[in-house]
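Working notes, beginning with the structure itself.
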Amino acid sequence: MLSKDDITPAQYSIDYDNLLNREQLKAVMHESGPALLIAGAGTGKTRTLIYRVARLVESGVNPDQILLLTFTRRSAHEMIRRASQLLDERCRFVEGGTFHYYCSKVLHRYAEKLGFPENFTIIDASDAMDAINLVRSRMDIPKSKSRFPKKSTLYSIFSSSVNKQKSIHETVEIDYPQFLQHVELIEMIYDNYQSYKEINFVMDFDDLLVKTLHLLQDSEDVRVEVASKHKHVMVDEYQDTNAIQAELTGLFSSVHNNVMAVGDDAQSIYSFRGADHKNMLRFPELFEGTAIIKLEENYRSTQRILDVANRVLDEAEEKFEKKLFTKNEQGDLPGLVKAANMNDQSRFVTQMILNLREQGYELNDTAVLFRNGRDSFDLEVMLNKKEIPYVKYGGQKFTEAAHVKDVLAHLRILLNPKDTISWNRILMLIEGIGPKTAEELFSWAHSGGNPFKPQQAPNVSESYKAQLKALGDLFTKLKQLSGSVTEQLQSVVEYYAVFCKKRFDDHPKRMKDLETFVDISGTYQSLEALIEEVALDPIEATAIETEKSERDEPPLILSTIHSAKGLEWRTVFLIQCLDGVIPSGYAIDDPEQMDEEVRLLYVAVTRAKEQLFLTYPALFQSRYGDYFSNPSRFIEEIDKSLLEPWMLVEEGSDQKQIES
């Protein structure tokens with residue numbers, strides 16, 4: 001096999017000079033030593049990595065001495081497949097995969113050094129939760145009146161603790177404060193879970209990283225043996241690595257020191273999973289002599305969209321300086337759309353989507369992005385009304401969520417006391433009532449009993465009679481509030497709060513969903529209208545992405561910004577661009593979190609190829625009253641020459657958009 005010293009650029013079979021721009025070429029041709037490739041959004045990062053893999057192999061580097069670490073196995077396989085098509089089948093022997101996948105290979109090879117057999121078992125998240133539950137059941141945990149976390153929540157606490165390198169106590173205190181009173185028991189379960197895995201020779205996903213790190217740190221001979229095999233190490237999406245993965249990167253490349261980290265610090269938005277954007281910022285300090293290469297030429301968006309993206313990024317304090325540019329056309333100015341209220345915002349977006357469809361755009365050419373899953377609730381109602389098919393990523397459709405269905409069930413009974421399904425749902429919330437008792441109760445109601453006084457049913461057990469009376473009192477109150485949809489819904493939510501707390505470990509988040517539901521309910525003239533447009537949407541039809549419209553068209557995309565990373569659409573609407581939403585109200589006093597909020601907005605803006613609209617409601621309507629809201633502080637000061645203000649006016653019954 002040729003060595004790289006035996007080949008000259010003229011002998012390459014691939015015309016790298018003409019197929020890559022100057023900075024991409026610099027990255028592909030980088031010979032030795034550490035390098036940091038800062039790849040702005042849409043600048044051809046994946047293409048550059050593929051060409052680099054091919055170029056290294058073509059230069060004579062043994063493919064199995066190239067380690068390509070990515071965040072999904074699929075992306076590693078796709079890069080290697082495309083490199084093979086570009087060059088030849090030698091590229092298929094490149095070692096590619098996720099950190100977890102590669103660490104599992106290392107651990108199987110050196111298992112005995114850890115006191116594990118070579119054939120130890122790797123357990124997935126579901127198995128890990130079952131193991132945690134088993135450990136918990138073996139412990140003599142005293143019964144408590146307050147809720148104890150479920151196995152899935154315990155698993156999340158343990159995993160978060162590992163990935164963020166925080167103690168169990170810190171993790172509970174920061175992310176799960178509702179369980180702080182149980183923290184000592186949670187710590188005991190964690191310790192016993194670790195012992196269970198050791199005794200039974202099993203490892204969960206987090207163990208794969210942690211045990212590999214300890215193995216390489218504690219066994220010099222193993223570190224040298226493993227790292228010697230890696231002539232070149234490349235890590236994709238380096239901005240999303242956590243502290244353990246960053247340390248592993250250094251250990252894997254510690255012999256030859258040929259490591260290339262690839263990513264965009266401006267797109268680091270997963271700190272809640274333990275990702276640390278500072279891994280990129282620190283890279284030149286940790287790896288002496290790092291060559292910094294910036295990809296700034298964008299192949300996705302128009303220049304006017306990039307101008308807004310660059311302006312947004314100016315708000316970040318900690319970052320690598322870069323300016324995205326393109327040879328694409330200038331394009332239309334992105335719009336800053338001020339709607340009167342949430343309902344008008346939804347009407348504007350819906351009408352624009354219909355207009356785009358009339359212009360020949362496919363629905364899936366367009367995406368509506370938002371910060372939180374609940375931010376799209378009002379829009380979803382409007383889309384259902386207009387029969388526009390959509391699929392939602394990064395947040396459940398709110399009519400499908402269990403807590404929303406529970407609340408709606410109470411209102412459905414108010415309108416239709418013979419709704420057996422809804423009766424079953426609300427009765428089963430009450431402790432002590434199972435399917436048999438529930439059936440007896442609604443059979444009694446159907447045969448002449450007063451459905452709104454369930455406590456009067458015969459043979460009612462004393463254990464749940466008081467709760468049935470509370471349910472009856474709720475119905476009495478709902479009848480008195482007839483005519484005020486918001487007050488009726490608020491009353492059900494207040495009644496339901498105790499059940500929500502008992503049923504769900506993440507009840508604070510679910511209660512926020514319900515508060516949002518109450519806020520948007522003011523747009524309905526009557527309870528019947530709300531039920532008709534929301535609750536009576538058939539369960540099958542709420543999974544609207546599985547439906548085929550008459551035109552068999554692919555659906556519109558609704559997505560949280562986090563779930564949209566790495567994707568692109570011709571037109572993007574970013575809704576609820578409000579201060580307190582983006583940036584989140586929780587981030588305002590924390591400079592590091594505020595920087596991540598800037599990056600979140602940057603990610604949203606750079607998903608758009610041709611058209612971009614940032615929208616917000618001027619008036620926020622809630623059960624506490626109406627108040628004026630402010631647009632996101634990140635966009636409020638953007639010059640009109642970059643972000644064009646729009647006003648919405650009514651023309652007859654149709655909405656018309658005009659520039660202010």
**OP:** Report the C-alpha distance between V235 and V262 in whole Å, list the side-chain angles of each, state the deciding distance to 0.1 Å, and finish with yes or no for side chain to side chain contact (heavy atoms under 4.5 Å, CB included).
**Re:** CA-CA 6 Å; V235 184; V262 183; over 6 Å; no
**OP:** Give the C-alpha distance, both sets of side-chain angles, the deciding distance and a yes or no for ring-ring contact (aromatic ring centres under 6.0 Å, His included) between Y102 and H230.
**Re:** CA-CA 12 Å; Y102 186 66; H230 306 141; 5.4 Å; yes
Original post:
So E23 and K294, salt bridge (charged side-chain N to carboxylate O under 4.0 Å, His left out) or not? Walk me through it.
Top reply: CA-CA 7 Å; E23 296 305 305; K294 296 180 184 179; over 6 Å; no
**OP:** Tell me, with the steps shown, if H30 and R52 meet side chain to side chain contact (heavy atoms under 4.5 Å, CB included).
**Re:** CA-CA 9 Å; H30 178 77; R52 177 160 175 78; 3.9 Å; yes
**OP:** Just do the side chain to side chain contact (heavy atoms under 4.5 Å, CB included) check on R22 and E297 with the steps written out, would you?
**Re:** CA-CA 10 Å; R22 189 179 66 181; E297 183 174 354; over 6 Å; no
Subject >> Pair V259-T290, side chain to side chain contact (heavy atoms under 4.5 Å, CB included): steps then yes or no >> reply: CA-CA 9 Å; V259 55; T290 294; over 6 Å; no
Subject >> Verdict with supporting geometry, K164 and E170, salt bridge (charged side-chain N to carboxylate O under 4.0 Å, His left out) >> reply: CA-CA 10 Å; K164 293 184 180 181; E170 282 179 291; over 6 Å; no
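Among L216, T212, D218, the single residue meeting the side-chain contact (heavy atoms from CB on, under 4.5 Å) criterion with H214 is D218.
Judged purely by distance below 3.5 Å, without hydrogens or angles, the side chains of D307 and N310 never pair a donor atom with an acceptor atom. Side-chain atoms of R300 and T606 include no donor-acceptor pair closer than 3.5 Å. Using modelled atom types and a 3.5 Å distance limit, the side chains of S584 and E597 yield no donor-acceptor pair. With 3.5 Å as the limit, one finds a donor-acceptor pair spanning the side chains of E225 and Y110. Residues S563 and T560 bring a donor and an acceptor atom of their side chains to less than 3.5 Å of each other. Looking at S84 and E89, their side chains never bring a donor and an acceptor atom within 3.5 Å of each other. Side chain to side chain, N242 and D276 fail the donor-acceptor criterion of an N or O pair below 3.5 Å. In summary, the side chains of S32 and N258 do not present any donor paired with an acceptor at a separation below 3.5 Å, with no hydrogens or angles considered. T70 and D236 are not linked by any side-chain donor-acceptor pair at a separation below 3.5 angstrom, with hydrogens and angles left out of the test. There is no side-chain donor-acceptor pair under 3.5 Å between Y299 and N328. In summary, the side chains of Y12 and D17 do not present any donor paired with an acceptor at a separation below 3.5 Å, with no hydrogens or angles considered. Looking only at atom types and distance, the side chain of N163 has a donor-acceptor partner in the side chain of S159 under 3.5 Å away.
Remark: side-chain polar atoms of Q593 are not paired, donor with acceptor, to backbone N or O of D590 under 3.5 angstrom. Using modelled atom types, no side-chain atom of R371 and backbone atom of I582 make a donor-acceptor pair closer than 3.5 Å. Between the S268 side chain and the D240 main chain, no donor and acceptor come within less than 3.5 Å of each other. Formation of a donor-acceptor pair under 3.5 Å by the S219 side chain with backbone atoms of D221 is not found in this model. With hydrogens and angles ignored, the 3.5 Å screen pairs a side-chain donor or acceptor of Q24 with a backbone N or O of T43. Proximity of a side-chain donor or acceptor of D175 to a complementary backbone N or O of V172 within less than 3.5 Å is not detected. Looking at Q65, its side chain never comes within 3.5 Å of a backbone N or O of V94 through a donor-acceptor pair. Between the H169 side chain and the V183 main chain, no donor and acceptor come within less than 3.5 Å of each other. Under a 3.5 Å cut-off, the side chain of N279 and the backbone N or O of T241 do form a donor-acceptor pair. Of the possible donor and acceptor atoms, one in the side chain of S301 sits under 3.5 Å from a partner among the backbone N and O of A608.
Residues F148 and F179 place their aromatic rings such that the two centres sit no closer than 6.0 Å. Two rings, from H562 and Y393, have their centers 6.0 Å or more apart.
Heavy atoms only, all atoms of each residue included: D207 and L107 are closest at O-CD1, 4.3 Å. Annotation for A76 and G97: closest pair CB-N, 3.5 Å, computed over non-hydrogen atoms. Closest heavy-atom contact between Y101 and G96: CE2-O, 3.8 Å. Counting all heavy atoms, side chain and backbone alike, G115 lies closest to F201 at O-CE2, 3.5 Å. The nearest pair of heavy atoms linking E288 to P34 is O-CG, 3.5 Å. Across every non-hydrogen atom of D264 and A39, the tightest pair is CB-O, 3.1 Å.
Salt bridge K45/E237: present, at least one basic N to carboxylate O contact under 4.0 Å. Ion pairing between a basic and an acidic side chain is recognised when a charged N comes within 4.0 Å of a carboxylate O; E220 and R223 show such pairing. A salt bridge links E568 with K609: the distance from a Lys NZ or Arg NE/NH1/NH2 to an Asp or Glu carboxylate oxygen falls below 4.0 Å. A salt bridge is absent between D505 and R510; no separation between the charged side-chain nitrogens and carboxylate oxygens falls under 4.0 Å. Checked for salt-bridge contact, E95 and K105 meet the test: a charged N lies under 4.0 Å from a carboxylate O. Between E198 and K211, at least one side-chain nitrogen of the basic residue sits less than 4.0 Å from a carboxylate oxygen of the acidic one, meeting the salt-bridge criterion. A salt bridge links D513 with R374; the closest basic N to acidic carboxylate O contact falls under 4.0 Å.
The shortest side-chain heavy-atom distance between V53 and L49 does not fall under the 4.5 Å cut-off. Counting only heavy atoms from C-beta outward, the side chains of V202 and I122 never approach each other to under 4.5 Å. In this structure the side chain of R136 never reaches within 4.5 angstrom of the side chain of Y193, judged on heavy atoms. A heavy-atom distance below 4.5 Å is not found between the side chains of I66 and K231. Side-chain contact check for M594 versus F634: some heavy-atom pair is nearer than 4.5 Å. Between V581 and F370 there is no side-chain heavy-atom pair separated by less than 4.5 Å. At a threshold of 4.5 Å between non-hydrogen side-chain atoms, the residues F158 and I168 count as touching.
Judged by the 6.0 Å and 45° rule, R55 forms no cation-pi pair with Y51.
For D314, the salt bridge (charged side-chain N to carboxylate O under 4.0 Å, His left out) test picks out K323, with sequence neighbours left out. Partners of R47 under the salt bridge (charged side-chain N to carboxylate O under 4.0 Å, His left out) rule, at least two apart in sequence or in another chain, do not exist in this structure.
Counting non-hydrogen atoms of neighbouring residues, nucleotides and ligands closer than 6.0 angstrom, the CG atom of D589 reaches no more than 12 such neighbours. The number of heavy-atom neighbours closer than 6.0 Å to OH of Y16, taken from other residues, nucleotides and ligands shown, is above 12. Heavy-atom contacts from other residues, nucleotides or ligands closer than 6.0 Å to NZ of K322 number more than 12.
Between F99 and F252, the ring-plane angle classifies as parallel under the 30° and 60° cut-offs.
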